[in-house]
Visitor: 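Next up is a structure, given as structure tokens.
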Amino acid sequence: MSFLPNISSDFIGSVIGFILTLMVFSYLLGDNGLFRLAVHILVGVSAGFVGIVAWYNVIWPQLAYPLLGGFGTDRAILIIPLVMSLLLLAKAFPRFSRLGMPVMAFLVGVGAAAAMGGAIMGTLIPQIQATINAVDWRSAISEKSSSALMLVNGFIFLVGTVSTLVYFQFTFRSQGKVQGVRSPYIDWLVQIGQLFITVALGVLFAGVFMAALAAFVERWQFIYFFVKSILVN
Amino acid sequence: MANIKCPMCGKTNPADRETCQYCEARLRPVFPEMSDEEISKLLGLDDSSKKGEISKDLNSSSDDSLDWLYQIVPEEKAEEPDFMQGDEELPLERFDDWFNHPENGDSGLPKNLFDDGDVQTAPTPTGDEPLEPDWLLKMEENSPGLSPHELETEAGDEESSSESLDFHSDHLLIWNAEEGDTIRSEPDNREDLQGADLPSWLEAMKPVSALSPADEDIPLGPISVEGAGPLAGLEGVIPAEPDIAYSRKPFNFSVKLQVSDYQQAHAALLENLIHAEGKASVISKKEFFAPKNVLRSVLALLLILSILLTFIIPGLLQVNAPGLQNFPSAWAAYQAIEKISLEKPVLFAIDYQPGLSAEMDAVAGSVLKHLYSKKAKIVLVTTQPLGLMQAERLLSRSSQETGIQYLPSQDYANLGYIPGGHSGLLGFIADPRRVMPFAVDGSAVWQQPAFQVVNDISSFSSIIIATEDTDKARNWIEQLTSYATPAPIIMAVSAQVEPVVAPYFHASPSKIQGIIPGLAGAMAYESVAYHPGGIIQTYTPFSIVGLLAVIMILFGSVFNGFATVISLQQKQERNRGDGK
């Protein structure tokens with residue numbers, strides 16, 4: 001005979017979620033122990049979950065299992081990442097941390113190369129191409145419906161791109177003992193670029209605010225329906 | 001028996017030993033105890049007849065006669081430089097004084113020195129001239145018991161070293177006088193010296209001559225005689241330790257830094273910072289009912305009440321769902337998904353954190369439900385560890401809402417976490433089979449019939465990325481476009497990411513084929529793609545709270561603006577009052 005009612009795992013999860021949500025919202029009254037406890041639980045659970053994922057999703061299927069049950073060539077190739085992983089582990093010990101430096105250098109170098117290649121081929125060149133195409137009057141004319149609007153739009157793109165890039169020019173040629181000074185024309189472009197950057201940051205902030213507001217609404221929706229389900233049932 | 005301490009190694013030796021038993025250094029002076037054979041061997045003399053005489057001369061410290069020295073003069077004379085040629089004769093009487101030769105000059109000098117007889121010999125001392133210098137004679141009178149050698153050593157402490165050096169320089173012997181030339185000697189009276197007619201190359205050596213030992217301005221120490229060791233009995237031996245090694249008072253250097261007031265001010269600032277770092281700051285006790293806390297609580301209460309009101313009274317405020325025509329990017333995404341080939345699976349990246357799952361579940365869920373309705377095969381991946389959990393959760397919720405059951409390995413495959421950041425993602429795009437060979441349940445996903453068609457990234461009918469991180473969104477787009485994948489790319493993103501990815505959509509040619517931005521975009525998308533959507537339940541309070549929040553922000557901005565203007569006016573009035 002069980003003294004506990006028939007409780008589903010969803011209900012237990014909902015109770016825990018309800019309590020943790022209230023603990024986080026207690027921050028409205030100021031920093032307190034309940035809020036900090038909830039944050040610590042979040043960090044601890046996340047770290048534990050990441051460790052499990054690293055073992056079951058990366059180390060075991062991609063390294064350990066092929067090494068133990070793979071064929072000769074595959075096993076020989078996997079010795080390289082195994083040795084590199086062990087060398088990387090040496091960075092945890094200050095005495096042997098130098099052993100992990102070549103592996104770290106390899107990781108950083110490959111990662112930087114991949115990021116740079118992607119940024120140039122995936123963002124920089126397409127952005128330049130798009131800016132050029134935006135002010136292409138021939139293609140604008142071919143679009144009979146809104147050629148004038150497209151040209152205006154393209155001109156705004158061009159000015160925004162150029163002025164924003166000019167804003168990030170911080171080096172000047174010095175003139176003797178006098179420190180470098182921007183020319184007035186460049187100053188105007190910088191001011192325009194600053195305007196575009198301000199608008200872009202404002203839009204980003206609005207997006208962050210909307211995302212946070214959505215989370216806020218969803219949590220109170222959860223609290224309302226959870227309390228209602230308890231009261232009704 | 002007393003022991004003798006070795007002057008070289010410092011170790012003690014028996015008193016009867018002549019050399020150190022440890023370092024073989026001589027413990028006693030050489031000459032007093034040297035036998036004739038030793039001396040002759042030392043000097044390399046063959047004439048046995050002279051041995052006794054030389055030994056006698058050497059062993060008698062009172063006699064400075066050095067007849068043996070005349071015998072080692074080279075027989076052939078070298079050519080004499082011009083500046084050494086002159087008419088004056090060398091004062092060989094002083095030379096004889098130095099060697100203390102009592103006999104005539106012919107027998108006193110080495111015989112092979114003037115073998116040819118052409119060179120004039122130095123005049124022999126007359127009976128009127130003393131054989132010893134004046135200063136030495138005076139000292140002999142004062143100390144009759146001492147030998148001339150001891151007297152000279154004793155006098156070295158009292159007399160200047162320049163005089164001693166003058167003595168030696170005056171008695172330098174020019175060995176290689178040219179044939180027919182007379183040996184010159186310096187006159188005793190230095191004031192009568194005439195300027196020498198020196199060659200130009202010698203004039204150029206003036207700095208060297210200025211530092212010659214004959215310069216009286218250079219103080220030199222007394223010449224000491226070695227009393228023990230292998231150099232015992234020799235005088236003027238260069239000390240083992242140079243004078244610079246002797247301890248002396250160090251020079252006083254000024255330690256005052258040449259710094260400006262500006263630099264001093266910065267140094268003081270840095271010093272204060274360092275001192276302040278070690279001091280514990282007093283934390284003021286926060287008041288619970290501080291105005292800031294009260295204001296924050298009131299604003300939160302307003303927002304919470306507005307949310308709850310929409311749930312408690314559903315018909316109080318009606319919000320119309322945004323139309324898809326207001327979101328051209330979402331409309332483009334809808335059209336792209338409608339056109340996908342169902343023979344190929346769709347790659348769906350779930351790349352968002354649990355913190356923003358409220359918004360992202362709605363956005364990604366709207367697309368996923370659309371795919372469910374089309375019975376598309378789905379391959380799920382993520383580039384962050386927690387995305388794996390989000391993917392399973394999203395699948396479960398979508399199945400509940402649609403009532404369509406998706407089975408793993410048949411309808412979908414969750415490949416899980418792609419490690420390695422940029423390079424890992426690039427590797428997956430280049431070869432998905434090799435980088436991710438297994439699903440999270442351990443099954444060989446690429447062997448399943450639904451996913452056998454996948455060979456590379458272009459094998460997918462569409463690529464959908466759901467993320468709330470601008471960096472991850474950009475990373476996916478950059479790596480996919482740089483690889484020139486032909487599959488359409490659709491971004492289901494948070495509202496905060498939409499401004500970043502919009503240029504990729506609006507570019508010509510566009511790099512992505514559609515964007516579903518935020519909760520509003522998801523609401524518009526779902527209204528077309530999947531009519532019985534549940535997002536409207538969240539969207540209504542979201543719209544009301546959003547409007548209320550905008551009003552609060554505007555009110556706060558106006559209030560702050562007025563407060564700033566008022567405070568500036570008060571400050572100006574205060575300054576005017578102070579000016580009066």
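Just so it is clear: chains get the letters A, B, ... in the order the sequence lines come, proteins before strands, and each one is counted from 1. As the structure is a prediction and not an experimental result, all values here were calculated from the model.
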Visitor: A:Y56 versus chain B, heavy atoms under 4.5 Å apart: side chain, backbone, both or neither?
Guide: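 Neither part.
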Visitor: When you measure from the side chain of A:E218 to the backbone of B:L356, do you find a donor-acceptor pair of N or O atoms at a distance under 3.5 Å?
Guide: no
Visitor: I need the A:L213 CG to B:L303 CG distance, nearest 0.5 Å.
Guide: 7.0 Å
Visitor: So B:I312 and A:Y224, do their side chains get closer than 4.5 Å, heavy atoms only?
Guide: yes
Visitor: What distance do B:L415 atom CG and A:N57 atom CG have between them, rounded to the nearest 0.5 Å?
Guide: 8.5 Å
Visitor: Calculate, to the nearest 0.5 Å, the distance between atoms CZ and NE2 belonging to A:F157 and B:H506 respectively.
Guide: 7.0 Å
Visitor: Side chain, backbone, both or neither: which part of B:V497 has an atom under 4.5 Å from a heavy atom of chain A?
Guide: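 Neither part; nothing is under 4.5 Å.
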Visitor: To the closest 0.5 Å, what do you measure between CD1 (B:I307) and CZ (A:R219)?
Guide: 12.0 Å
Visitor: Under a 4.5 Å heavy-atom cutoff, which of A:A54, A:G111, A:P126 has the most pairs with chain B?
Guide: A:P126
Visitor: Which region of A:Y65, side chain (C-beta onward) or backbone (N, CA, C, O), has a non-hydrogen atom less than 4.5 Å from a non-hydrogen atom of chain B, or is it both or neither?
Guide: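 For A:Y65, the side chain is the part near chain B, not the backbone.
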Visitor: Taking A:M210, A:Q127, A:M121 one by one, which has the highest count of heavy-atom pairs under 4.5 Å against chain B?
Guide: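 Top count of heavy-atom pairs under 4.5 Å with chain B: A:M210.
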Visitor: What distance do B:Q496 atom CD and A:L204 atom CG have between them, rounded to the nearest 0.5 Å?
Guide: 8.5 Å
Visitor: To the nearest 0.5 Å, how far apart are CD in B:E478 and CE in A:M116?
Guide: 10.5 Å
Visitor: Please state whether the side chain, the backbone, both or neither of A:F209 comes within less than 4.5 Å of a heavy atom of chain B.
Guide: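 Just its side chain gets close to chain B.
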Visitor: For residues B:I304 and A:F216, determine if any side-chain heavy atom of one lies less than 4.5 Å from a side-chain heavy atom of the other.
Guide: yes
Visitor: Could you verify whether a donor N or O on one side chain and an acceptor N or O on the other, from B:T538 and A:Q221, lie under 3.5 Å apart?
Guide: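 Short answer, yes.
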Visitor: In a check of side-chain contact (heavy atoms from CB on, under 4.5 Å) between B:P419 and each of A:V58, A:I59, A:V53, which one passes?
Guide: A:V58
Visitor: For chain B, which of A:I223, A:V203, A:V50, A:T123 has the most heavy-atom pairs under 4.5 Å?
Guide: A:T123
Visitor: So, applying ring pair (Phe, Tyr, Trp, His ring centres under 6.0 Å) with B:F311, which one of A:W220, A:F226, A:F225 is it?
Guide: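 In the set A:W220, A:F226, A:F225, the residue that makes a ring pair (Phe, Tyr, Trp, His ring centres under 6.0 Å) with B:F311 is A:F225.
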Visitor: Using non-hydrogen atoms and a 4.5 Å limit, figure out which bit of B:Y504 sits close to chain A: side chain, backbone, both or neither.
Guide: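 Only the side chain of B:Y504 comes within 4.5 Å of chain A.
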